[in-house]
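First the structure, in the form of structure tokens, and then the observations on it.
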Amino acid sequence: MVIGSCYIDIRIRDSNSLKDKRKILISLKSIMRQKFNISITELNPTNNWCKATLGIACINDSKQIAYKILSKIVDFIHSNPKVDIIDYAIEMY
């Protein structure tokens, strides 16, 4: 069994309040849970309404498949016009 984890630092565009930030993050997390069947949460929530760090985990029998899933998630977030990726890291355990 392989556990893949990924953290992604993002900047949220056009967010003017914590309410805007929550709205965008809830939508993004919900879509990714359904589309990729992963666990996702916001790490170290702050009152900064322009930035967030997402923690993502997936479990698979294959290291290559777990890495591919997490890479697709990074591409999915990158294609979202509401957020910019600042930094990310993918690890396998």
Applying side-chain hydrogen bond (donor to acceptor under 3.5 Å, both in side chains) to Ser15 and not counting sequence neighbours gives none
side-chain hydrogen bond (donor to acceptor under 3.5 Å, both in side chains) with Ser62: which residues, sequence neighbours excluded?
-> Gln64
Can you list every ring-ring contact (aromatic ring centres under 6.0 Å, His included) pair that touches residues 10-33, not counting sequence neighbours?
-> none
NZ of Lys68 to SG of Cys58: how many Å apart, nearest 0.5 Å?
-> 13.0 Å
By side-chain contact (heavy atoms from CB on, under 4.5 Å) - contacts of Ile77 (at least two apart) = Ile8, Ile10, Met32, Leu54, Ile73, Val83, Ile85
Would you say Asn37 has more than 12 foreign heavy atoms packed within less than 6.0 Å of its CG?
-> no
Under the ring-ring contact (aromatic ring centres under 6.0 Å, His included) rule, what pairs show up with a residue in residues 41-76, not counting sequence neighbours?
-> Phe36-Phe76
Listed by chain and number, what are the salt bridge (charged side-chain N to carboxylate O under 4.0 Å, His left out) partners of Lys29, not counting sequence neighbours?
-> none
Verify same cluster id: Leu43, Ile90 (apolar side-chain graph, 4.5 Å) | no
Kindly indicate, with the supporting measurements, whether the criterion side chain to side chain contact (heavy atoms under 4.5 Å, CB included) is fulfilled by Asn47 and Leu18.
-> CA-CA 7 Å; Asn47 289 334; Leu18 288 174; 3.8 Å; yes
Taking C-beta and beyond as the side chain, do Asp14 and Lys82 meet within less than 4.5 Å on heavy atoms?
-> no
All ring-ring contact (aromatic ring centres under 6.0 Å, His included) counterparts of Tyr93, not counting sequence neighbours = none
For residues 53-64, pull every pair meeting salt bridge (Lys or Arg N to Asp or Glu O under 4.0 Å), keeping only residues two or more places apart or in separate chains.
-> none
Does one hydrophobic cluster hold both Ile26 and Ile38, with members joined at side-chain heavy-atom distances below 4.5 Å?
-> no
With hydrophobic residues grouped by side-chain heavy-atom distances under 4.5 Å, do Ile56 and Met92 end up in a single group?
-> yes
For Glu42, what residues pass the salt bridge (charged side-chain N to carboxylate O under 4.0 Å, His left out) criterion, not counting sequence neighbours?
-> Lys21
Would Ile12 end up clustered with Ile31 when hydrophobic side chains under 4.5 Å apart are linked, directly or stepwise?
-> yes
Exercise: do Thr53 and Asp9 side chains pair donor with acceptor under 3.5 Å = yes
By side-chain hydrogen bond (donor to acceptor under 3.5 Å, both in side chains), which residues pair with Asp87, not counting sequence neighbours?
-> Tyr7
Val74 with Ile65, same ILVMFWY side-chain cluster at under 4.5 Å = yes
Apply side-chain contact (heavy atoms from CB on, under 4.5 Å) to Ser17 and list each qualifying residue two or more places apart in sequence or on a separate chain.
-> Lys19, Asp20
Quick one: pull up CD in Glu91 and CD1 in Ile3 and give me the separation to the nearest 0.5 Å.
-> 12.0 Å
Test salt bridge (charged side-chain N to carboxylate O under 4.0 Å, His left out) applied to Arg11 - qualifying residues, sequence neighbours left out = Asp84
